[in-house]
Amino acid sequence: MKTFCGRANPTTGALDWVEESEEYDYHQEIARSCYADMLHDKDRNEKYYQGIRAAVSRVKARGERVVVLDIGTGTGLLSMMAVTAGADYCYAIEVFKPMAQAATSITERNGFSDKIKIINKHSTEVTVGPDGDMQERANILVTELFDTELIGEGALPSYEHAHTHLVKAGCEAVPHRATVYSQLVESDMLWKWSQMQPIDVDGNKLLPSSAVVECTGAPSVCDIQLSQVSPQSFTPLGPICTMFSVDFSKPVSSAAQSYTAQFKAQTSGRAQVVLSWWDIDMDPDGNIVCTMAPSWTYSEPQTYPWRDHWMQSVYFLPAEKNVSEGEELSLIVSHDDYSLWYNLTNSEQNVVKEAQFRPSCSCQAHLVWTRPRFGELNDEQRTESYVSALRSILKPDSVCLSVSDGSLLPIFAHLLGSKKVFSLENSGMAKQVIEQVLHTNSLKHGVQLLGIRPEQLSLADLEGNQISVLMGEPYFSTSLLPWHSLFFWYCRTAVAQLLLPNAAILPRAATLYITAVEFQDLWRIRVPCGTCEGFDVSPMDEMIQRSLDFRESWEAEPHPLWEYPCRALTKPRPVMTFDFTQCVPEQPINSDGTVPFTGRGRCHGVVLWMEYQLTEDVTVSMGLTKPVSEEGACVWNPHRKQGVFFFRSMRETSGNGREDLSYNLTFEPHTGDIKMDFSVTEP
C-alpha cells in the first residue's frame, strides 16, 4: 500500500504530493522526532523518577496495591521507573504504533514484560474491566502529555477522560500539578514578528495597511528558545506573574476558562508581548520541581537545563497599549482545550469582556507571513541592502518583474522610479495583502499583480513590454531548506524569452556555503542515548537509526540556528555557485573537496546556507551575518532556517590541520535538490 506525502519541489515552488511507501510517513515522524532529546533531558528524567518513587511510597503507606496508568508512555521509561520503585503493575498507553512496538521491545529487554502491559490505543479508547484493556482502575496516574504551551497536545481532555474512566478517586498523579507563569514586556524586536512597521524606501515612508494595523493577529503561540533572547532586547513592564495552576490528582476540566493577574506597571512603556513558561511539581508539596523558565531567570544561568522538546512561549497582544508607571493592570490568560491567548486591560470592568475576546487574523497578513517573515520584512538593514541594489540597476524606463511570495520588492521598485512593475503572486491571500499595502500608500496602479505562474506568462500579460529587470528576494513560502529558494532560478528560466538581451537579474547569483560545527546543545536531538536512568533504551536508538536510514540520513534538516548556539570548527567555505544570469543547466552541478579543521572540538555536523549576490557590490546572507570570531562563535540570520547535516557520531578534531572535512555535493537540476555527503578524514 502506498501513501501520499508532501515534499517541497524547488523546480515548481510548490508542495508536491508524491507517492511513497506506506512506511515513509512514520519513518519521517520518527526520524525528525524529539524522542532522543527527551531521553537526554537528565533534569526531566531525574525529577520524574523522584516524583514516581514518592508517589509509590505514599500509596504503599496506605496499604494499597500500586497500579500505575502511564499515558503517552513513549519508550516505556516512566513505567519502568514505576516498577523499579515498587509498583505492582503498570498499564502503559501509546497511540503511535511504531513507538508502542519500541516500548514493548524496551520493557522486554529490561525484564519488565510481566509487570508492564503496553496498550497501543489512544487513552480515550481504553476500557477497564475483566475483558478490558485494564483489569482495574489505577491509583497512580503518570503522564508526559505536555508541549511548550503545556496543553497543546490535548493534555486537558486526556486528563479529563482518565479521571472519569481510568483512575480511582483520590489517585496520586505524577506530575502532581502544573503552573503557568507570564511576564508583560515591551520589545521592538519581538513586536516586529507580529506587526508590519513603516519602512523607509529612499526617503519614502511605506506604511502598513490599516487592515494589518487594526488586526488582532494570529492567536497561535510562538514557541522559541527564550534563553537566546537577550534581556537587553525587552523591557519588563510587570513582574513574573503566576497565571494559573492545574492539579492533575483531581478531576480536570477541558472547558474554556480565563484567569487574571493584577499588578502595577513597573515602568512606563508600550505593552506588546507576553513571555510565558510553566513548571511542573512532581509531588504535592512542591519539593520536586521541573521548570521551563529561561536561563536569564536563573541566578546561575550556566545551571539551566537545556531542552528542545519543551521551550518557552511568546504571545502577542491584540494591540499594543501605552501604560504608565504605577498604573493598575490586569493581564488575562484564556484557554480552550488546546491553546492559550492573552489580553490586557487597565479596568476591572473590562476583565470579563477582554477574557471573552479571542484574537483572530482578519487582514490575511498573519496567515501569509510567518513570524520570522514579519521580522525579515521589518529588518531595516536588510531593506537598505535591497533598496541600494535596486537603486544601482533601475532606470526611468525599467520594466520590472518580481518573483517572490508576498514580497515588497515590487513596491520598492515603483518608489525608486521604475516605468512599469509587474509581480507574480500565485496566492490569492498574498495578492490581497500586497493590494492592501498598495491601497494604503496610494500606489494602487504602481504595481500590477498577476495571479499566474511564470511558465504561463506572456507578452500580453506584460502589456507588450519585455522585461529589463527580473528581481526576487528570493523568498517562497514552500521553501524548507536553503536551496529550495532556487525556484527563482527556474522562474528565470521559464521567462527567458520575455527578457531583454541585457536584462538585469537580481540577485545575480547564489552561493552555497558550508562550515563544520560543534553544537552547544542541539546535538542531543540526534545522538543515541543507549541507557537512560539505568535502563537500556537502545531499541529506541535502533528504531530512530532505521528511520533515518530510510531516507532522512541522506538529507540535511532545517533549523533556526540563532536559537541554537554553535561553534565553527572550519572556516566558511563556498562550495557551489548558481548563476542566475544563465538558465538552469541540463546537467548536474558537482562539487567536492576538503576543508581543513581550524578549531579544536567535537564535530557534530555541517551547516549549509545561501548567500545571494544582489549586484556586484551588494550581498545578503541567509546564514552567517557576521564573520566567525577567533573562538568560532557564529551569529546567524534570525529570519531564515539553515540546513544542518548531522553526523551519525561525533568526531573529535584537533584543529591543528590533522583532520579535514570532506564534502561531495551534487545539484540535480531535474529535481532542484542537492545530494550531499560529508565525512571527517585525516590527510
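We count residues from 1, following the sequence as given. In this text, all values refer to a predicted model and were calculated from it rather than measured experimentally.
Applying side chain to side chain donor-acceptor pair (under 3.5 Å) to Glu473 and the options Ser485, Ser407, Ser404 leaves one that passes, Ser407. For the ring-ring contact (aromatic ring centres under 6.0 Å, His included) with Phe678, the lone residue among Tyr663, Phe645, Phe647 that qualifies is Phe645.
Donor-acceptor pairing under 3.5 Å is recorded for the side chains of Gln272 and Glu320. Trp562 and Asn637 are not linked by any side-chain donor-acceptor pair at a separation below 3.5 angstrom, with hydrogens and angles left out of the test. A donor-acceptor contact under 3.5 angstrom links the side chains of Asp308 and Gln225, judged on distance only. Between the side chains of Thr615 and Ser392, no donor N or O sits under 3.5 Å from an acceptor N or O. At a cut-off of 3.5 Å, with distance as the only test, no side-chain donor of Thr681 or Asp660 sits close to an acceptor on the other residue.
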Going through the distances and angles, do Leu462 and Phe422 end up as a side-chain contact (heavy atoms from CB on, under 4.5 Å)? CA-CA 7 Å; Leu462 301 174; Phe422 300 90; 3.8 Å; yes
side-chain contact (heavy atoms from CB on, under 4.5 Å) for Leu608 and Tyr513? Distances and angles first, verdict last. CA-CA 6 Å; Leu608 305 95; Tyr513 278 78; over 6 Å; no
Start with the C-alpha distance between Leu449 and Leu424, add both sets of side-chain angles, then the distance that settles side-chain contact (heavy atoms from CB on, under 4.5 Å), and finish with yes or no. CA-CA 6 Å; Leu449 303 174; Leu424 300 187; over 6 Å; no
For Leu390 and Leu506: C-alpha separation, side-chain torsions, deciding distance, then whether side-chain contact (heavy atoms from CB on, under 4.5 Å) applies. CA-CA 8 Å; Leu390 284 170; Leu506 184 152; 4.0 Å; yes
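Of the possible polar contacts, one joining the Gln312 side chain to the Leu226 backbone as a donor-acceptor pair under 3.5 Å is found. The backbone N or O of Gly375 sits nowhere less than 3.5 Å from a side-chain atom of Asn378 that would complete a donor-acceptor pair. Looking at Gln642, its side chain does come within 3.5 Å of a backbone N or O of Leu561 through a donor-acceptor pair. Although no hydrogens or angles enter the test, the distance criterion places a donor-acceptor pair under 3.5 Å between the side chain of Trp369 and the main chain of Gly406. Judged by distance alone, with hydrogens and angles left aside, the side-chain atoms of Gln582 form no donor-acceptor pair with the main-chain N or O of Asp579 at under 3.5 Å. For the pair Asp223 (side chain) and Ser313 (backbone), a donor-acceptor distance under 3.5 Å is absent. Of the possible polar contacts, none joining the Ser418 side chain to the Lys420 backbone as a donor-acceptor pair under 3.5 Å is found. Checking side-chain atoms of Arg573 against main-chain N and O of Val595 turns up no donor-acceptor pair under 3.5 Å. Ser233 places no side-chain N or O within 3.5 Å of a backbone atom of Met189 that could act as its donor or acceptor partner. At distances below 3.5 Å, at least one donor-acceptor pair connects side-chain atoms of Ser468 with backbone N or O atoms of Val399.
Residues Tyr315 and Tyr342 bring their aromatic ring centres within 6.0 Å. Less than 6.0 angstrom separates the ring centroid of Phe488 from the ring centroid of Phe580.
Residues Val606 and Met676 have side chains not in contact (no heavy-atom distance under 4.5 Å, counting atoms from C-beta outward). Side-chain atoms of Tyr490 and Arg492, non-hydrogen and from C-beta on, never get closer than 4.5 Å to each other. Val273 has its side chain out of reach of Phe234: every pair of non-hydrogen atoms, C-beta onward, lies at least 4.5 Å apart. Annotation: side chain of Val469 is in contact with side chain of Ile393 (closest heavy-atom distance under 4.5 Å). Considering only heavy atoms from C-beta on, Val607 stays 4.5 Å or farther from Ile514 through its side chain. When side chains are defined from C-beta on, Met471 counts as touching Cys400, because their heavy atoms get closer than 4.5 Å.
Ring geometry, Phe476 versus Phe487: the interplanar angle exceeds 60°, so the pair is classed perpendicular (tilted spans 30 to 60°).
Between Arg358 and Asp336 there is a salt bridge, since a side-chain N of the basic residue sits under 4.0 Å from a carboxylate O of the acidic one. Electrostatic pairing of Arg526 and Glu557 counts as a salt bridge here, judged by a charged N lying under 4.0 Å from a carboxylate O.
Tyr475 carries Arg373 over the face of its six-membered ring, with the cationic atom under 6.0 Å from the centre and within 45° of the normal.
Every pair passing side chain to side chain donor-acceptor pair (under 3.5 Å) that includes a residue from residues 191-203 is listed here, sequence neighbours excluded: Asp202-Arg391.
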